[in-house]
Chemist: 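Dumping the structure here so I can ask a few things about it.
Residue numbers begin at 1 in each chain, while the letters A, B, ... track the order of the sequences.
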Amino acid sequence: MRSIRYREAVREALLEEMDRDEAVFLMGEEVGHYQGAYKVSEGLLAQFGEKRVIDTPIAEAGFAGIGIGAAMTGLRPVIEFMTWNFSFVAFDQIISNAAKIYQMSGGKITVPIVFRGPNGAAKQVGAQHSHAVSPFYVSIPGIWVAIPSTPRDAKGLLKTAIRDDNPVVFLEGETLYNVKGDVPETDDDELIPFGKARIAREGDGCTIVAWGSPYYTALEAAEELAKDGIECEVVDPRTLRPLDIETIVESVKKTNRCVIVHEHWPYGGPGAEIADQVQRRAFDYLDAPIERVASLDLPMPYATNLETLVLPTVPRVVEAVRKATYAR
Amino acid sequence: MTTIRRFEEESARAYAQGKIGGFLHLYIGQEAIAVGAAHALRDGDHVFQTYRDHGIALALGMTPRAGMAELFGKDTGCSRGLGGSMHFFDVENGFFGGWGIVGGHLALAAGAAFKSKYLNDGKVTICFFGEGATNIGGFHEAMSLAGLWKLPIVFVCENNQYAMGTPMSRTSAIEDLTLKAAGYGMIGDRFEGHDIDTTTSRLQLAVDRARNGGGPTFIEVQTYRFRGHSMSDPAKYRSRAELEERKKSDPCHIARTRLMEAGITEDQLDDIDVEIDTQIDDAIKFANESPPASEAFMHNSVYAPSLITDPHRYDPTNGGQA
């Protein structure tokens with residue numbers, strides 16, 4: 001193990017998979033000569049050349065579609081959205097085409113493609129650049145949705161995503177690129193399977209399910225609560241589709257309480273889905289209603305004082321756990 | 001061409017009998033374009049089409065049985081009854097669908113051409129669409145990228161004059177759509193699509209250009225559909241006189257004339273017609289008697305099998321949970 005940044009972990013996955021398989025290529029805005037808007041693809045152009053690290057014009061629907069067509073006919077594209085906010089103009093390509101082709105073609109055509117890029121709010125980037133997009137994509141059968149929180153997960157899940165024969169929406173945390181963490185040596189070739197949650201912290205006081213940037217908020221809150229004797233179990237689903245509901249339910253059966261922490265809006269989405277499934281599968285084990293800590297139900301404001309109010313924070317998570325454990 | 005015509009006529013009949021559901025867009029009147037394209041292509045090339053896709057699928061070699069069974073929603077259909085009229089697929093014959101969102105498949109076709117350039121495999125892609133698609137963003141982005149990267153693709157606009165019920169005079173600022181080609185750095189060509197000799201030779205030029213590294217071509221073929229947009233459209237937006245005038249240049253009649261000019265006798269042509277009738281009757285019988293689309297296959301075809309993601313961890317009946 002060595003400690004590397006999340007950004008480097010993503011880059012290593014791309015590099016190793018491109019090195020392994022000539023059919024894998026990276027396409028997107030500023031991925032080549034500019035070295036990536038977030039420097040994820042730094043150095044890849046020099047290593048693989050313009051044939052396999054392809055700069056595009058600003059045309060998400062166009063290059064997402066070209067990626068899907070290339071995947072249908074034998075290549076394994078990795079399509080980078082500069083941020084997931086810009087994926088909405090390519091939404092039709094993902095929902096109407098990528099997600100449908102395997103079944104619609106009677107199982108004849110596979111679409112091994114990865115759409116990846118930074119997701120979620122950064123700092124003061126306003127209403128149009130702060131979307132946490134998982135609710136839109138997780139509701140579509142036919143695509144997988146991965147949302148790694150740690151460098152190790154980012155690398156291992158991306159390698160899996162590239163080797164899977166289905167379209168994958170791969171949501172990197174815009175604020176996580178500088179996070180450092182332990183990652184196996186490069187010759188380990190670690191593949192982290194989809195649909196397998198990770199228990200980040202064990203405890204029997206309350207289950208906290210969290211993913212993406214708020215995963216770290218949840219861990220911090222858990223530390224704080226431990227000082228008061230409430231030991232939280234933090235579960236990171238790692239992929240939202242497929243969703244490892246068993247691991248979450250097993251944890252709730254142990255703690256009898258559940259708090260779900262996420263960045264996307266509270267109306268619908270994976271947070272609501274998990275709450276629904278937990279109450280149906282572990283109803284007799286729950287000692288309190290399931291609590292949720294989400295972004296507030298409004299467009300992201302620019303002003304920093306307001307943005308702080310909108311996003312999930314440690315005090316909000318602490319308060320939710322106290323409520324679920326009747327410890328207020 | 002006659003196979004397509006007879007297939008479409010029998011589809012319309014079966015639709016009226018309630019054997020076929022949903023949308024059904026017939027290719028009657030446009031046959032010379034699909035058949036011309038099939039002549040111009042080689043094995044292993046790729047074709048993408050809109051939802052008006054029966055004609056090209058048959059022209060490329062799909063059996064009427066596989067097509068009709070798909071329309072009837074049967075397990076023996078070309079997409080196992082999960083696609084329907086708008087989503088025919090036949091990869092073995094180079095047919096990559098069958099797409100239902102106007103403008104949405106042009107980039108996919110460009111992607112297939114991108115693959116050919118990436119692998120340098122010498123294949124060409126033809127992408128068909130209607131004149132209605134030339135107003136939507138998907139058209140622009142696919143053309144723009146194909147022109148930029150000089151992809152081996154031919155964009156064929158089948159201008160049948162009406163975007164559903166709206167004539168082109170009310171949807172486009174220009175009458176000659178090939179004017180758009182210059183903006184994408186590609187060559188344009190424009191011709192009438194009733195005569196199989198013309199469609200074959202002109203499409204061949206563009207296909208050869210693409211195969212020889214000359215980049216993409218944008219073609220506008222002027223054509224006319226003899227039926228409404230779909231089965232639910234009585235086509236009240238055009239006059240009977242206009243339709244009758246257009247029917248004078250029926251591509252099937254023109255093809256018959258061409259064959260007779262080439263020395264084929266009327267008797268020989270009649271024999272072929274009988275053979276085709278038998279084939280279409282057989283397709284209807286086959287579709288009628290085939291087993292219905294499979295429930296098990298529906299559940300098992302949401303995701304392709306994967307070595308890394310255990311497909312058994314996905315349960316399509318319960319919200320995509322593992």
Side-chain angles (χ1 to χ4, degrees), chain A residues 23 25 51-52 54 56-57 59-75 77 89 92-93 96-97 100-112 138-139 141-142 144 160 163-166 191 193-197 239 241-247 273 276-277, chain B residues 46 48 70 77-84 87 89-92 96-101 104-116 118-119 123 125 137-138 140-142 144-146 148-149 297-298 300-310 313-314 316 318-322:
Chain A
F25 65 88
K51 182 191 165 188
R52 298 180 64 198
I54 303 148
T56 66
E60 281 82 5
F63 66 75
I66 282 186
I68 297 165
M72 290 171 67
T73 48
L75 299 183
V89 295
D92 177 59
Q93 286 298 333
S96 297
N97 293 341
K100 302 297 193 296
I101 290 168
Y102 184 65
Q103 178 166 305
M104 208 163 75
S105 68
K108 288 285 176 61
I109 301 174
T110 57
V111 187
V138 83
S139 66
W144 302 131
T160 301
R163 294 192 204 181
D164 196 278
D165 275 342
N166 295 285
L191 297 173
F194 285 4
K196 228 175 153 83
T239 57
R241 186 188 267 272
L243 176 67
D244 181 3
I245 194 68
E246 279 90 359
T247 298
E273 176 67 27
D276 168 58
Q277 293 202 33
Chain B
H46 316 296
F48 291 70
E70 186 62 30
C78 59
S79 307
R80 299 195 62 176
L82 295 170
H87 308 302
F89 285 87
D90 185 9
V91 178
E92 288 78 10
F96 285 80
W99 301 91
I101 308 293
H105 68 293
L106 278 80
L108 304 183
F114 175 89
K115 178 273 308 180
S116 294
Y118 189 94
L119 298 177
K123 309 295 186 198
T125 299
H140 167 72
E141 292 193 22
S144 172
L145 288 162
L148 176 69
W149 292 334
F297 181 71
M298 172 182 77
N300 292 330
S301 60
V302 184
Y303 291 94
S306 166
L307 294 175
I308 318 137
T309 308
D310 180 356
R313 291 188 65 78
Y314 173 76
N318 197 3
Q321 72 201 23

Chemist: When you measure from the side chain of B:Y303 to the backbone N and O of A:G142, does any donor-acceptor pair fall under 3.5 Å?
Modeler: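 Yes; at least one donor-acceptor contact below 3.5 Å.
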
Chemist: Check step by step if ring-ring contact (aromatic ring centres under 6.0 Å, His included) holds for B:F114 and A:F25.
Modeler: CA-CA 12 Å; B:F114 175 89; A:F25 65 88; 5.0 Å; yes

Chemist: Looking at A:N97, A:T110, A:I68, A:V111, which makes the most heavy-atom pairs under 4.5 Å with chain B?
Modeler: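 So the answer, after comparing A:N97, A:T110, A:I68, A:V111, is A:N97.
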
Chemist: Under a 4.5 Å cut-off applied to non-hydrogen side-chain atoms, are A:F63 and B:E141 in contact?
Modeler: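 The answer is no, as the side chains (C-beta and beyond) never meet within the 4.5 Å cut-off.
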
Chemist: Sort B:A109 into side chain, backbone, both or neither according to what part of it lies under 4.5 angstrom from a heavy atom of chain A.
Modeler: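 Contact with chain A: none, neither part.
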
Chemist: What part of A:A23 gets closer than 4.5 Å to chain B, counting heavy atoms only: side chain, backbone, both or neither?
Modeler: backbone

Chemist: So which part of B:E92 gets closer than 4.5 Å to some heavy atom of chain A, the side chain, the backbone, both or neither?
Modeler: side chain

Chemist: Between B:G77, B:A112, B:G81, which shows the greatest number of heavy-atom pairs under 4.5 Å with chain A?
Modeler: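 Result: the option with the highest number of such pairs is B:A112.
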
Chemist: Less than 4.5 Å to any heavy atom of chain A: does that hold for the side chain of B:F48, its backbone, both, or neither?
Modeler: side chain

Chemist: Could you tell me if B:H46 and B:K115 have a donor-acceptor pair between their side chains, going purely by distance under 3.5 Å?
Modeler: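 Their side chains do contain a donor-acceptor pair, which is all the 3.5 Å distance test asks for.
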
Chemist: Nearest 0.5 Å, please: how far is CG in B:D90 from CD in B:E70?
Modeler: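 If we round to the nearest 0.5 Å, B:E70:CD and B:D90:CG are 11.0 Å apart.
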
Chemist: Tell me, for B:L119 versus chain A, whether the close heavy atoms (under 4.5 Å) come from the side chain, the backbone, both or neither.
Modeler: side chain

Chemist: Could you check B:V91 against B:F96 for side-chain contact (heavy atoms from CB on, under 4.5 Å), going step by step and ending with a plain yes or no?
Modeler: CA-CA 6 Å; B:V91 178; B:F96 285 80; 3.9 Å; yes

Chemist: Non-hydrogen atoms of chain B under 4.5 Å away: do they reach the side chain of A:S105, the backbone, both or neither?
Modeler: both

